[in-house]
Protein chains: 2
Amino acid sequence: MPAEAKTAAETAAKDAPPAARAVPPASPPLTERQEARRRRILHASAQLASRGGFDAVQMREVAESSQVALGTLYRYFPSKVHLLVATMQDQLAHMHGTLRKKPPAGETAAERVAETLMRAFRALQREPHLADAMVRALTFADRSVSPEVDQVSRQTTAIILDAMGLDDPTPAQLSAVRVIEHTWHSALITWLSGRASIAQVKIDIETVCRLIDLTEVRETR
Amino acid sequence: MPAEAKTAAETAAKDAPPAARAVPPASPPLTERQEARRRRILHASAQLASRGGFDAVQMREVAESSQVALGTLYRYFPSKVHLLVATMQDQLAHMHGTLRKKPPAGETAAERVAETLMRAFRALQREPHLADAMVRALTFADRSVSPEVDQVSRQTTAIILDAMGLDDPTPAQLSAVRVIEHTWHSALITWLSGRASIAQVKIDIETVCRLIDLTEVRETR
DNA sequence: ATCAAGTCTGAAACTTGTTCTAGGTTAGCG
DNA sequence: CGCTAACCTAGAACAAGTTTCAGACTTGAT
């Protein structure tokens, strides 16, 4: 039963009716000044996050840094978590672009995915506080942020599928990708909270990537 | 400012040199009345969590429900996250006991682990709000809660190893278990935030459990 | 140019986690 | 019994996320 495909479709359908908010192709087109405000806010958010992480992103400070009234900030991003998830979307898009330029060189799909994720991991290590803010927001997000979190998830999936070099993955492969994403997020958290070393994260990523090999062998499953 | 980390460290240092706090075998033995207070607090916490989840566990309400002053509550559990993680330890211990009674019946280790996790998952489904509170606290926890979160992780590992029926696992098997835990936590989150169905979680668990088969074949790795 | 609708601003208010304080209570001990 | 240190309580106070509101500013259409 192609449950994977169904879920993705359902989820996608879920946020279409009530309208997307933080996704680029949104409902109301923003004026130039509004676009500029949005950008200033995201910049300030990333800036503050790069210092003290999640706690350092204080809504009053973001508002001040980006020259916007507090009420306006909340009009653009209805909560701190929304703001940080949008910040993550921003960074992810940037990273996807960067990764595209130099595709991973591994022989097998598993190797390429592991290499890609490790490259992303090294990027996050350069800004650990920013990583903290974004990842904590992502996992702390409640239902009200689901559409945005889902968008991040789709973006991540796209990056992994890119690394695998697949156009139309099998259900089994999509399941493997889902599990890889789970591991990726959770491993990041254990690293960020100091409960796992960088080496340990590397091992976990490499371990889970072996699942990909499994799907290649038993595709008819 | 990392106010949280500082606070917890100071608080811990103040009443006991190094030492764990919320773990049963703690440094200062509690008097009977203290033990009773602690239990009342945990009970109130679980109670409130079973209603509205993470947000419904309000420290003032917990204090009132458990007939304890707010300051005392904070002496027992230095933050809301500490409290909820301790609540989780409590529930986990209970569940481990329950699971022990009826061991899983699967043929392979992978099947038994998947079965065990699905059993735990069904238990969580019966109290989705409680699950929400505990899991969100767990992933939102910062460094100041690491010891307690680590304890939860060890407990979870023990449950999985139990299901596998292993006494001394190989490194590869431990890696697989780590990845399974990652997937378990992350899949729970996607379910709790409404981004994945119960069926989807089942698939993810079954998918990741196949990693165990891999370690059996290539043990010399 | 002018009006209506929609935005933005500054400031105050409200909520809930967390800290602090002053005084009362308890437990162990001489 | 009476002391002392540790513990507990009630309640105020503080911090940061979120909401609200009156008034000023923009924008788009007439």
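Every chain is numbered from 1 and lettered A, B, ... according to where its sequence line falls, protein lines coming before strand lines.
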Val57(B) near the nucleic acid: base, sugar-phosphate alone, or nothing, with a heavy-atom cut-off under 4.0 Å? sugar-phosphate
Just to be sure I understand the rule, does Glu64(A) reach a base, reach only the sugar-phosphate, or reach nothing, if contact means heavy atoms closer than 4.0 Å? nothing
Quick one: does NZ or CZ of Lys80(B) land under 6.0 Å from the six-membered ring centre of Phe54(B), within 45 degrees of the ring axis? yes
Closest nucleotide among dC7(D), dA12(C), dC8(C) to the Leu70(A) side chain: dA12(C)
Just do the side-chain contact (heavy atoms from CB on, under 4.5 Å) check on Val152(B) and Met134(B) with the steps written out, would you? CA-CA 11 Å; Val152(B) 168; Met134(B) 297 189 307; over 6 Å; no
Does Arg136(A) make a cation-pi contact with Phe140(B) (under 6.0 Å, within 45 degrees of the axis)? yes
Measure from the side chain of Arg75(B), starting at C-beta and using heavy atoms only, and say which of dT26(C), dT16(C), dC7(D) lies closest. dC7(D)
Nearest-nucleotide check on DNA chain D, Met59(A) vs Gln34(B); residue mapping nearer the 5' end is Gln34(B)
Gln58(A) has a side chain; which of dT9(D), dA27(C), dA16(D) sits nearest to it? dA16(D)
Arg60(B) side chain, from C-beta outward: closest of dT7(C), dC8(D), dG17(C): dG17(C)
Could you pick out which residue, Gly71(B) or Asp55(B), lies toward the 5' side of DNA chain C when each is mapped onto its nearest nucleotide? Asp55(B)
Atom-to-atom span, CZ of Arg38(B) to P of dC7(D) - whole angstrom: 15 Å
With respect to the phosphate group of dC8(D), does any side-chain polar atom (N or O) of Tyr76(B) fall under 4.0 Å of OP1 or OP2? yes
What does Ser79(A) touch in the nucleic acid at a heavy-atom separation under 4.0 angstrom: a base, only the sugar-phosphate, or nothing? sugar-phosphate
Candidates dT19(C), dT9(D), dT27(D) - which lies nearest the side chain of Arg33(A): dT27(D)
The side chain of Val68(B) lies closest to which of these nucleotides: dC8(C), dT9(D), dG17(D)? dT9(D)
